[in-house]
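This one's a predicted model, so the numbers in the text were calculated from it and none came from an experiment. In the text below, chain A, chain B and the rest are named by the order of the sequence lines, each starting its count at 1.
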Number of protein chains: 2
Amino acid sequence: MAGKTHNGPKGAAGEQSGEDVSWQAQKSAMTRDRILDAAIHCFVVLGYTNVTTAKVASSAGVSRGAMLHHFPSKTELIQAAVEYLHDKLLEDYTEKVANIPATLTGADRRRAGIDAYWDHLTGDLFTVYNELCVASRTDPELRSILENSQQLFEEHIRETNGELFTEWRDRGDRFTLAMDVTKCMMEGMAGAQLMINREARVKRLLHYLTDRMEEIFEEGESSAIGRHSND
Amino acid sequence: MAGKTHNGPKGAAGEQSGEDVSWQAQKSAMTRDRILDAAIHCFVVLGYTNVTTAKVASSAGVSRGAMLHHFPSKTELIQAAVEYLHDKLLEDYTEKVANIPATLTGADRRRAGIDAYWDHLTGDLFTVYNELCVASRTDPELRSILENSQQLFEEHIRETNGELFTEWRDRGDRFTLAMDVTKCMMEGMAGAQLMINREARVKRLLHYLTDRMEEIFEEGESSAIGRHSND
DNA sequence: AGTGTTAAAAACAAGCCGGACTGATTAAAT
DNA sequence: ATTTAATCAGTCCGGCTTGTTTTTAACACT
């Protein structure tokens with residue numbers, strides 16, 4: 001599994017007992033991860049605001065006391081869970097992108113990238129992440145937790161996309177525009193309440209977006225640049 | 001009429017000489033509206049999940065007992081507040097659109113429509129509405145309250161846009177596409193966390209979107225329809 | 001084994017929210 | 001003037017959530 005930017009050193013404060021990772025430390029780390037997985041599961045099922053420490057504990061199959069041992073307060077639990085979620089988000093996206101067959105090239109590859117992103121956006125992980133962003137508007141604590149990961153996430157996506165579409169990476173402004181258009185439109189689609197005929201409309205929008213991506217870079221190669229320059 | 005299911009706009013309890021409307025009824029209606037305004041204000045300031053009946057009451061300047069007289073339970077208060085918010089949303093959008101000067105025509109008018117929509121989306125009312133939508137994922141009660149207004153809202157927007165851009169109204173599919181693209185992209189922009197250089201990127205995206213709208217209908221007039229047809 | 005350390009479980013205390021109830025005050029309606 | 005409706009202030013209870021404390025169980029080391 002990926003991530004590991006934070007969780008590893010739980011029993012790092014090893015006693016004089018030596019170098020080998022004690023059995024208890026391993027066990028402890030495992031229950032820690034179980035708790036974090038349970039926390040995210042609760043986010044998905046209950047929604048951020050309805051998550052209580054008791055529910056996380058029971059969902060993880062541990063007692064509240066055990067959980068309090070690992071996370072002395074709810075704040076610390078949430079913080080750890082958000083970081084964990086962040087790791088899983090990055091992992092999910094990079095994995096989906098990495099699974100695009102190398103045989104695809106050109107327009108097919110770009111289309112596959114959009115589909116992969118769409119899969120990512122419609123998954124539970126992103127749904128929860130989005131909920132956290134919304135909730136953070138009036139939750140300063142959560143806000144400060146998220147601010148770090150948001151920038152990291154944006155940079156990571158840009159980087160990944162740069163690797164995925166090497167032919168576009170050095171297009172500068174135009175690359176940013178393409179990514180912003182994709183991001184906004186697809187996140188908008190993911191969040192929009194399209195009440196009637198949703199399937200067809202989404203399909204058509206994805207198709208439309210794919211065409212626009214091609215257009216942006218085709219235009220770049222030809223001449224008609226002026227219209228959406230940055231004034 | 002779509003909105004106005006329960007009260008009139010702001011001065012609903014107009015003090016004109018109503019024989020049939022008793023003084024007390026008017027006064028009662030006024031405090032009722034004060035409470036609903038306070039509820040929405042609390043939504044804006046505190047966020048949906050942090051709203052308590054006590055805070056709404058104190059924010060409205062009435063006692064809890066008085067509020068319970070109007071809204072016997074929190075559920076009924078929320079329900080009324082959501083309907084009230086829905087009315088205000090429609091009012092806000094139609095007003096912003098109506099304020100577009102009649103002297104504007106063609107592309108200028110379309111651009112003004114996009115700007116008006118953007119103003120609408122970045123206002124407090126929509127922010128709160130969006131929060132409610134997100135919260136409704138795991139709040140069945142709220143969900144059922146919202147479902148009604150969502151469809152009404154979508155229809156109303158379509159209708160309003162049809163009046164605003166009469167030249168497009170009978171374009172059928174293409175009109176739907178244009179509206180979906182605009183809706184998704186702009187709502188995505190409103191919700192997206194663009195951490196760096198936000199202003200410039202938003203400006204550019206609005207510009208880009210405007211161009212795409214023109215393009216959609218220009219193409220319709222010429223020939224190259226095939227690419228984003230509904231296959 | 002026996003002792004000490006640590007994870008885990010269970011019991012406890014405190015706070016907040018929503019709702020019910022009461023009694024008093026004000027003002028309109030008759 | 002009497003009646004009725006609206007408003008207000010205060011109290012109390014039940015439920016839920018959090019965090020602390022106490023108790024039990026598991027393991028490690030000599």
Side-chain angles (χ1 to χ4, degrees), chain A residues 7 9-36 38-39 42-43 46-81 135 139 141-142, chain B residues 13 15-36 38-39 42-43 46-81 138-139 141-142:
Chain A
N7 51 0
K10 166 61 180 84
E15 311 299 317
Q16 67 277 27
S17 59
E19 68 296 337
D20 62 331
V21 229
S22 71
W23 231 58
Q24 290 193 131
Q26 285 189 24
K27 217 174 127 185
S28 177
M30 282 178 63
T31 64
R32 196 192 134 99
D33 274 13
R34 273 223 322 282
I35 291 172
L36 291 179
C42 285
F43 285 162
L46 304 170
Y48 171 68
T49 56
N50 302 319
V51 170
T52 69
T53 56
K55 284 175 182 156
V56 173
S58 89
S59 171
V62 302
S63 73
R64 286 189 58 238
M67 199 176 68
L68 262 336
H69 174 75
H70 287 277
F71 306 101
S73 75
K74 186 181 186 181
T75 299
E76 298 181 54
L77 170 63
I78 297 293
Q79 166 131 20
D139 188 334
E141 203 170 62
L142 182 57
Chain B
E15 294 81 4
Q16 78 285 32
S17 63
E19 289 85 18
D20 42 353
V21 255
S22 66
W23 252 106
Q24 288 192 140
Q26 289 189 22
K27 214 174 131 185
S28 178
M30 282 177 64
T31 64
R32 195 191 134 100
D33 275 13
R34 273 221 322 281
I35 292 173
L36 292 179
C42 286
F43 285 161
L46 305 171
Y48 170 68
T49 56
N50 302 319
V51 170
T52 70
T53 57
K55 285 175 182 158
V56 173
S58 89
S59 171
V62 303
S63 73
R64 288 185 56 225
M67 199 176 67
L68 254 47
H69 174 74
H70 287 277
F71 306 101
S73 75
K74 187 182 187 182
T75 299
E76 299 181 54
L77 170 64
I78 296 294
Q79 165 131 19
T138 52
D139 187 335
E141 203 170 63
L142 183 56

Position toward the 5' end of DNA chain D (nearest nucleotide), Asn50(A) or Gly65(B):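 By nearest-heavy-atom nucleotide position, the 5'-most residue is Gly65(B).
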Grab the two heavy atoms, one from Val51(A) and one from Lys74(A), that are nearest each other, plus how far apart they are.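 The answer is O-NZ, 3.2 Å.
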Nearest-neighbour nucleotide for the Val62(B) side chain, dA9(C), dC8(D), dG19(D) considered: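 From the listed options, dC8(D) comes nearest.
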Identify the pairs formed between an N or O of the protein and an N or O of nucleotides 15-18 of chain C at a distance under 3.5 Å, and give each distance.
residue : atom : partner  : partner atom : Å
dG18(C) : OP1  : Lys74(B) : NZ           : 2.8
dG18(C) : OP2  : Thr53(B) : N            : 3.3
dG18(C) : OP2  : Thr53(B) : OG1          : 3.3

Starting from [atom2] on [N], measure out to [atom1] on [X] and report it in whole angstrom.
X	N	atom1	atom2	result
Leu77(B)	dG19(C)	CG	C1'	13 Å
Phe71(A)	dA7(C)	CZ	C1'	14 Å
Ile35(B)	dA6(D)	CD1	P	12 Å
Met67(B)	dG10(D)	CE	P	17 Å
Glu76(B)	dA20(C)	CD	C1'	15 Å
His69(A)	dT5(C)	NE2	P	15 Å
Leu68(A)	dT23(D)	CG	P	18 Å
His70(B)	dT7(D)	NE2	C1'	8 Å

What side-chain donor-acceptor pairs closer than 3.5 Å can you find for residues 53-62 of chain B, not counting sequence neighbours?
residue  : atom : partner  : partner atom : Å
Ser58(B) : OG   : Lys55(B) : O            : 3.4

Carefully, step by step, assess Asn50(A) and Thr49(B) under the rule side-chain contact (heavy atoms from CB on, under 4.5 Å). CA-CA 9 Å; Asn50(A) 302 319; Thr49(B) 56; over 6 Å; no
Side chain proximity check, Thr138(B) to Tyr48(A), heavy atoms < 4.5 angstrom: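 SC-SC contact between Thr138(B) and Tyr48(A) ruled out.
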Can you sort out the partners of Ser73(B) under side chain to side chain contact (heavy atoms under 4.5 Å, CB included), two or more places apart, ordered by chain and number?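 By the side chain to side chain contact (heavy atoms under 4.5 Å, CB included) rule, Ser73(B) matches Thr75(B), Glu76(B).
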In sequence, state the C-alpha distance, the side-chain angles, and the governing distance for Leu36(B) and Phe71(B), and then conclude on side-chain contact (heavy atoms from CB on, under 4.5 Å). CA-CA 10 Å; Leu36(B) 292 179; Phe71(B) 306 101; 3.8 Å; yes
